[in-house]
Amino acid sequence: MPRLRPINEWTVSTFDDRPGLYILNDVIENYAQLKWLNRCLLEYPEPPNITNASVEGFYEGENVWRTVGNQKLRWVTLGNHYNWSSKEYEKRPRFSLPTELVEIARIFSKLLGLKEMKSDAAIVNYYPEKATLSPHVDRSERDHSCPLISISFGQSAVYLTGGPSLDDPVEALMLHSGDVLVMDGDQRLVYHAVPKIVKAKQFTEEERELAGVDKSILTYANSNRVNITIRQLEEKKLAEISLESCMCIRTHTYRGSSTKEKYSKRTFLRAWILSPVREHKTGCVLPGARSSSPTDPIRLDPPTHSGDY
Ligand SMILES: O=C(O)CCC(=O)C(=O)O
Ligand SMILES: [Fe+2]
């Protein structure tokens, strides 16, 4: 049974003033979204993957999500890992990224005609109802010539996208379950943030049965949000990554920021209250149709896949 929706049902949103930013709208079947959430909760947080629980030292064992609970599990890193003792990224040996993440990122990047990704890192962020993600740029450890693929599951989010500086104009978009946001080109290095989780989706018992997942996954999905960002690292930069830049983002604090930066980040986070959330469901029907900008047609070739995603 396919897990991505049929490609002729897909829409893609592009933004004339933000070339390189794409949203593939709700392209994953509902029951498959539950399967992804199952992985995010029961597989990805397990050792040897690194979680905020292991880094903050309050839990290092197995069965992480069930043990630490919804409120305390906030992020997991997969693939290339930071070694918290030596304070360096481990170059070799690496843990390989789960195949389904490599494959789904390859499909999305290829379909959009971008550089075909060979991803080797991913971060899963968990958002209980009141969680936020502070403004940041995914800069230091990434290969900037490759897109960054961000997939959302569960409840919706207000997503803020700005420019290369915190002072650039900020725009608010909605991200829903099954949406895939792609940042490429100039949009790869813009500030972005999540100021609010919005309750918007109720998965059904029928979808849960189809997915073959536990009731606890359904309950989680119906009140929390999970986001996976899939990335391709640039090997030669691995050793240069600073602990500070990683911690600052992942602990959702302003640690390490100057007063001015704190102020700018707060202003950034308030942007969605001052300007309306931008409608972006006007994207085209695919394949063979065009993006919302007639001068910038997007053609998607049918995906060739048979994998487990
Ligand atoms: O949750 C999101 O939509 C964004 C996540 C993000 O920006 C990140 O993990 O770097
Ligand atoms: Fe990010």
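Side-chain atoms are counted along with the backbone in the values below, which use heavy atoms only and exclude waters and symmetry mates. When a ligand or atom number is given, it counts from 1 through the structure's own listing order. Everything quoted here is computed from the prediction, not taken from an experiment.
The closest approach between a heavy atom of Tyr127 and any atom of ligand 1 is below 4.0 Å.
Salt-bridge annotation for Arg3 and Glu29: absent, with no side-chain N of the basic residue lying under 4.0 Å from a carboxylate O of the acidic one.
Counting atoms of ligand 1 from 1 in the listed order, those under 4.0 Å from a heavy atom of Asp138 are 10 (O). For ligand 1, the atoms lying closer than 4.0 Å to a non-hydrogen atom of Val194 are 1 (O), 2 (C), 3 (O). Against a heavy-atom cut-off of under 4.0 Å, Arg231 is close to the following atoms of ligand 1: 8 (C), 9 (O), 10 (O). Ligand-side atoms of ligand 1 in range of Asn125: 5 (C), 8 (C), 9 (O), range being under 4.0 angstrom from any heavy atom. Each of the atoms 1 (O), 2 (C), 3 (O) of ligand 1 lies under 4.0 Å from some heavy atom of Arg225.
Phe203 pairs by the ring pair (Phe, Tyr, Trp, His ring centres under 6.0 Å) definition with nothing, not counting sequence neighbours.
Note: Trp272 and Tyr159 fail the aromatic proximity criterion, with ring centroids not under 6.0 Å apart.
Cation-pi contact between Arg225 and Tyr127: present, with separation from the ring centre below 6.0 Å and deviation from the ring axis of at most 45°.
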Check your understanding: Which is it for Trp65 and Asn70 under the side-chain hydrogen bond (donor to acceptor under 3.5 Å, both in side chains) test, yes or no, and what are the steps along the way?
Key -> CA-CA 7 Å; Trp65 173 56; Asn70 296 349; 2.8 Å; yes

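Contacts between Leu133 and ligand 1, counted as non-hydrogen atom pairs separated by less than 4.0 Å, involve the side chain only.
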